[in-house]
Amino acid sequence: MADLVSHPDEIKVVSSRFGKGATNIDRYIELDGYKAVRKALDMTPDAIINEVKTSSLRGRGGAGFPTGMKWSFVPKESAKPKYVLVNGDESEPGTCKDRLILEHDPHAVIEGVMIAGLAVGAQKGYIYIRGEYRYLLTIMQKAIDDAYAKGFLGDNIFGSGKKFDCYWHTGAGAYEVGEESALMESLEGKRGIPRIRPPFPAVVGLWGGPTVINNVETLASVPHIMLMGGQKFADFGPPKNGGTRLFCLSGHVNKPGVYEMPLGYPMEKLIYEVGGGITNGKKLKAVVPGGSSTYLLTAEEAVKMNCDFDSFAKTGGFLGSGGVVVLDEDTCMVKFALRVMKFYQHESCGWCIPCREGTDWLKKTLTRFHSGGGVKKDIDNINYLAQNMLGRTFCPLGDAAAIPTISIVQKWRQEFEDHLEGRPCPYENKGIPEPAFA
Amino acid sequence: MFSEQLSKKFDKMVTNYPTKRSALVPMLLFAQDEVGYLSEEVIADLAKRVELTELEVKNVISYYSMLHTKPMGKYHVQVCTNISCMLRGGEELLDHCKSKLGIGHKQTQADGLFSLEEVECIGACSWAPAVQVNYDFHENLTPARMDKVLDTYAKKAKQ
């Protein structure tokens, strides 16, 4: 449904089958499909994990945790059944890549789940797709049925005597469920309230069994790694940041779209060459590098940045989910901060106080501020409130709300001051400010 | 309560997991799709199927923003105004929908044809601004294109 785009600098690995009809299982097989899992069937679990470790694949959901290492945390022996859980609850604002994978290459996800299952000794996999992506659920249901019909899934996969079952699952609208422990709660038919950790899901996960949880893109990368070899995949990116990833360009760029770039690709080229520059010939003001929960970059910072996990970590930031949102010079940062906070306030489950109260007060303060009712001490207060949420909440949602807020209030403080003393937003021609305390 | 087809689907779904209640969230969504909303009767029926109390089911429902306990319009218009959509006119699109449909956020037209909701990111960021009508995505919208989309649904309802 969504339009596909292309750029010469792209290295199409995960997106190599996009637009090629690979939802059809026979077409998928023609395009080297289900070869990787057959290869994995002849390997030992340790050999599979080592191949993934060699690839230096890191979690594409946003956290960037090394996938091979995550798999190696699953205990070899377990009294309870082990599970593989696919996180397809893509809902980080700015991120729309897993949607394309599920739409164009659902079998790659199934194959990735199976390989993960072989690596950790799980015989069941669940593919959790967010409720809004209903058409993708239909695609996935058919893909799973087709794989069973071919004998690729079931009691005797590829005639190997091994067993693997794969199931689809859907959410019903909740950002927080993208957090792995909340995802498990949701899959178990409960409210998506996060669990306390440790124990980590690799030891105690779904229904108490050891569980590997990976993002859709992460698992869709795995069959390619098995086929091309971990080293080749690793070589696409800088050391410890192997491979390619899907970047979702959105906002004020001329050519928004989902592009597969090697990790380490310069942000400047991503915006100006791949994205075709800023709309209406305007100047760049800010970039959200990887979904709304990452520290925003100023234009000066953005053009110096390389898009890999470690380059961001060095500056104290996060590469995040691949959702690159570009803001032009006419964007009001106060309004932007308010919209981001409105989202987190809406999505906070209310389970823990710093997040529930913090997001609510920040939304109120930012609303008042943007409508011209702010006072000077509010600026420091916004920063103070957000800083006090950091690391003090049950799950990362509190951090996710605090991080963009801190970066906006620190880097664009002047814009907050411009809104003081009842002045209308300088970026909007609305004239009279809206009533405060909305 | 449900069609035979859906009832059978539910019977299968509860066997997909080690515990029956694990099927609850998808079941609620599918039930809502068929019945229109999660009525007391629907909740009671599902509670039995997954061996929970009605209260426990309601507790789950209130967490998920796509689940409704009141009737919605035949066509539920969901306008995203999150960051990527906002930067490309999502808020203006919402205002346009409000005046065109004569209803506000989470309201339903008197004849039950359209309902409107401002929603959070629906994963259409690179094709913003975007709207979902029921489950169908409409992307790269302008107010004029939005009118066409709404007209198409209005016509469809008359057929």
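So you know, we letter chains A, B, ... as the sequences are listed, proteins then strands, and number each from 1. Side chains included, hydrogens not; waters and symmetry mates left out as well; all remaining heavy atoms used.
- Heavy-atom minimum distance, A:Arg99 versus B:Gly123: NH1-O, 2.9 Å.
- Interface residue A:Tyr167: only side-chain heavy atoms are found under 4.5 Å from chain B.
- At a 4.5 Å heavy-atom cutoff, the contact between B:Val119 and chain A is made by backbone atoms alone.
- Sorted by first and then second residue, the ring pair (Phe, Tyr, Trp, His ring centres under 6.0 Å) pairs involving residues 140-159 of chain B (not counting sequence neighbours) are B:Tyr75-B:Tyr153, B:His138-B:Tyr153.
- Heavy atoms closer than 4.5 Å to chain A are found in the side chain of B:Asn140, but not in its backbone.
- Within the 4.5 angstrom heavy-atom criterion, atoms from both the backbone and the side chain of A:Lys342 approach chain B.
- B:Leu87 is listed as a side-chain neighbour of A:Val325, based on a closest heavy-atom distance under 4.5 Å.
- A donor-acceptor distance shorter than 3.5 angstrom exists from the side chain of B:Arg21 to the backbone of A:Gly189, with no hydrogens or angles considered.
- Distance CG/B:Leu24 to CG/A:Leu187: 11.5 Å, rounded to 0.5 Å.
- The contact between A:Glu92 and chain B is made entirely by backbone atoms, counting heavy-atom distances below 4.5 Å.
- Not one N or O on the side chain of B:Ser84 forms a donor-acceptor pair closer than 3.5 Å with the backbone of A:Ser250.
- For B:Ala124, the parts lying under 4.5 angstrom from a heavy atom of chain A are both the backbone and the side chain.
- Here the rule is side-chain contact (heavy atoms from CB on, under 4.5 Å) with B:Tyr17, and of A:His169, A:Lys124, A:Glu188 only A:His169 fits it.
- More than 12 heavy atoms of other residues, nucleotides or ligands lie within 6.0 Å of NZ in B:Lys98, so this atom counts as buried by the packing criterion.
- The choice from B:Asn59, B:Leu67, B:Thr19, B:Leu52 that makes the most heavy-atom pairs within less than 4.5 Å of chain A is B:Asn59.
- Interface remark: A:Leu206 contributes no atoms to any contact with chain B (heavy atom separation under 4.5 Å).
- Neither the backbone nor the side chain of A:Val5 comes within contact range of chain B, judged by heavy atoms closer than 4.5 Å.
- Residues B:Ser65 and A:Tyr175 have side chains that never bring a donor and an acceptor to within less than 3.5 angstrom of each other.
- B:Pro18 and A:Tyr126 make their closest contact through CD-OH, 4.0 Å (heavy atoms, listed as atom of the first residue, atom of the second, distance).
- For the atom pair CG of A:Leu249 and SG of B:Cys125, the computed distance is 11.5 Å after rounding to the nearest 0.5 Å.
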Residue pair B:Asp136, A:Arg134: steps toward the salt bridge (Lys or Arg N to Asp or Glu O under 4.0 Å) verdict
CA-CA 9 Å; B:Asp136 294 333; A:Arg134 170 56 65 82; over 6 Å; no

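- When heavy atoms are compared at a cutoff of 4.5 Å, A:Tyr83 approaches chain B solely by way of its side chain, counted from C-beta outward.
- For CH2 of A:Trp207, the number of neighbouring non-hydrogen atoms (other residues, nucleotides, ligands) closer than 6.0 Å is greater than 12.
- If you measure heavy-atom distances from A:Thr279 to chain B, the contacts under 4.5 Å come from the side chain alone.
- Of all heavy-atom pairs between B:Leu29 and A:Gly131, the closest is CD2-CA, 4.2 Å.
- Scanning both residues, A:Ala174 and B:Tyr64, for their nearest heavy atoms gives CB-CD2, 4.0 Å.
- Among all heavy-atom pairs drawn from B:Pro26 and A:Thr170, the shortest one is CB-CG2, 3.5 Å.
- Among pairs with a residue in residues 101-115 of chain B, those fulfilling side-chain hydrogen bond (donor to acceptor under 3.5 Å, both in side chains) read B:His76-B:Ser115, at least two apart in sequence or across chains.
- Contacts between A:Leu100 and chain B at a heavy-atom distance below 4.5 Å involve the side chain alone, from C-beta outward.
- Residue contact with chain A, scored on non-hydrogen atoms closer than 4.5 Å, involves the side chain of B:Met13 exclusively.
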A:His346 vs B:Glu118, test: side-chain contact (heavy atoms from CB on, under 4.5 Å). Steps then yes/no.
CA-CA 12 Å; A:His346 181 260; B:Glu118 177 182 8; over 6 Å; no

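- Under the 6.0 Å distance and 45° angle rule, A:Arg191 does not count as a cation-pi partner of B:Tyr63.
- A:Cys96 is listed as a side-chain neighbour of B:Ser126, based on a closest heavy-atom distance under 4.5 Å.
- Between the CZ atom of A:Phe336 and the CD1 atom of B:Ile83 there is a distance of 4.0 Å, given to the nearest 0.5 Å.
- Both the backbone and the side chain of A:Glu132 come within contact range of chain B, with heavy atoms under 4.5 Å apart.
- For A:Tyr133 and B:Tyr135, the ring centers sit 6.0 Å or farther from each other.
- No side-chain donor-acceptor contact under 3.5 Å links A:Arg339 to the backbone of B:Met86.
- For A:Thr95, the part lying under 4.5 angstrom from a heavy atom of chain B is the backbone only.
- Chosen from A:Gly323, A:Gly350, A:Gly171, A:Pro93, the residue pairing most often with chain B at heavy-atom distances under 4.5 Å is A:Pro93.
- A pairwise comparison of heavy atoms in B:Val25 and A:Ser186 identifies CG2-O, 4.0 Å as the closest pair.
- The candidate with the highest count of non-hydrogen atom pairs below 4.5 Å against chain B, out of A:Gly173, A:Ala172, A:Gly192, A:Pro256, is A:Ala172.
- Enclosure of atom NZ in B:Lys100 by more than 12 non-hydrogen atoms of other residues, nucleotides or ligands within 6.0 angstrom is indicated.
- Of the listed residues (B:Cys85, B:Ala130, B:Cys121), the greatest number of heavy-atom pairs within a distance under 4.5 Å of chain A belongs to B:Cys121.
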